[in-house]
Amino acid sequence: MNTNSNTYTVIYSIILVVIVAAVLAFAAMFLKPTQDANVKKDTIGQILTAATVQGEDILGTYQKEIEAAILVDMNGNKVGDLDIASCEVYDNAALKRQIAAEQKALPVYIFKNGITVVPCYGAGLWGPIWGYVGLEGDLKTIKAVCFGHKGETPGLGAKISDEPSFAEAFVGQQVGSGDILFEVAKPANRETEKNGVDAISGATITSQALGKTLNQWFGFYQNYLAKNVEPVNTVEE
């Protein structure tokens, strides 16, 4: 075959593309279990942060400290369980599916220290944002949070995950009732006191997106939270 002909060039290019595609497909298939394991470990690490639980062995700590991992519907009823032995959790893809699902199955992580963790997932300025919120026994008061993002601007929107003071501002705040369950807004625009935090300076759009995401997901969990508040102990005299 004439190596200088167009036919040779086309055949050579096709063969090269096929070989490269096959190598990439094999690499992706080979690496997928490791990638999935890393995603699970990272997700569980964020859940533990929201639950104020620490441990070097993330998976082992989760198995030891979790009391129950369940799925609930919009009515607040239990519709399933997540397997604790295999550290089954909902990743971001699973959370995203719940937003549009007609019959939602929402994860709830209940820890032995009395903290209940619920997730949220939504759209930020440049990509997905997500988070985990740890609630105290009254299922209203926030104990801790952990947020993440895929592509928010470093030094601005990325502060939802990078700035400790932003996460600390959530501590002690409460999930409200009515139309605004929680908000993240500039002080001048805030409509609530205990049910929100101030937006990040210079990152208004990301802050508003996070507030919208939290408000939406607290709405998903509203019936569950109302039904499962720990009873207050009273002492009879």
So how far is it from [X] [atom1] to [Y] [atom2], rounded to the nearest 0.5 Å?
X	Y	atom1	atom2	answer
Leu181	Gln222	CG	CD	5.0 Å
Ile99	Thr213	CD1	OG1	7.5 Å
Tyr62	Lys41	OH	NZ	15.5 Å
Lys159	Glu152	NZ	CD	13.5 Å
Leu210	His149	CG	NE2	11.5 Å
Gln174	Phe218	CD	CZ	11.5 Å

- Among Thr49, Thr43, Val145, find the residue that satisfies the side chain to side chain contact (heavy atoms under 4.5 Å, CB included) test when tested with Tyr132.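 Result for side chain to side chain contact (heavy atoms under 4.5 Å, CB included) with Tyr132: Thr43.
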- Query: Is the backbone of Ala105 close enough, under 3.5 Å, to the side chain of Gln98 for a donor and an acceptor to pair up by distance?
  - Reply: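 Yes.
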For [X] against [Y], the heavy-atom pair lying closest together:
X	Y	value
Leu214	Cys120	CD2-SG, 3.8 Å
Leu59	Ile44	CD2-CD1, 3.5 Å
Pro119	Leu95	CG-CD2, 3.6 Å
Asn113	Ala51	ND2-O, 2.9 Å
Ala203	Leu156	CB-C, 3.6 Å

Can you tell me if [X] has over 12 outside heavy atoms packed within less than 6.0 Å of its [atom1]?
X	atom1	value
Asp179	CG	no
Lys112	NZ	yes
Ile205	CD1	no

- Message: Before you tell me yes or no, could you show the steps for Phe170 and Phe182 under ring pair (Phe, Tyr, Trp, His ring centres under 6.0 Å), namely the whole-Å CA-CA distance, both residues' side-chain angles and the distance that decides it to 0.1 Å?
- Response: CA-CA 10 Å; Phe170 285 79; Phe182 203 86; 5.6 Å; yes
Verify the cluster assignment for [X] and [Y]: are they in a single hydrophobic cluster under the rule of side-chain heavy atoms below 4.5 Å apart?
X	Y	result
Val171	Phe111	no
Leu48	Ile70	yes
Val133	Leu71	yes
Ile110	Leu225	yes
Val197	Ile180	no

- Query: Hey, mind stepping through Asn77 and Lys227 against side-chain hydrogen bond (donor to acceptor under 3.5 Å, both in side chains) and telling me if it holds?
  - Reply: CA-CA 9 Å; Asn77 300 319; Lys227 288 181 177 180; 3.1 Å; yes
A side-chain contact here means heavy atoms from C-beta on lying under 4.5 Å apart; do [X] and [Y] qualify?
X	Y	value
Pro107	Leu82	yes
Trp130	Ser161	no
Tyr90	Arg97	no
Tyr221	Leu139	no

- Stepwise side-chain contact (heavy atoms from CB on, under 4.5 Å) check, Gln63 with Cys87: CA-CA 7 Å; Gln63 292 171 324; Cys87 294; 3.6 Å; yes
- Carefully, step by step, assess Val118 and Tyr224 under the rule side-chain contact (heavy atoms from CB on, under 4.5 Å). CA-CA 11 Å; Val118 295; Tyr224 173 81; 5.7 Å; no
- Worked check of side-chain contact (heavy atoms from CB on, under 4.5 Å) between Ile200 and Thr206: CA-CA 8 Å; Ile200 298 171; Thr206 301; over 6 Å; no
- Just do the side-chain contact (heavy atoms from CB on, under 4.5 Å) check on Leu135 and Ile142 with the steps written out, would you? CA-CA 5 Å; Leu135 300 171; Ile142 296 176; 3.9 Å; yes
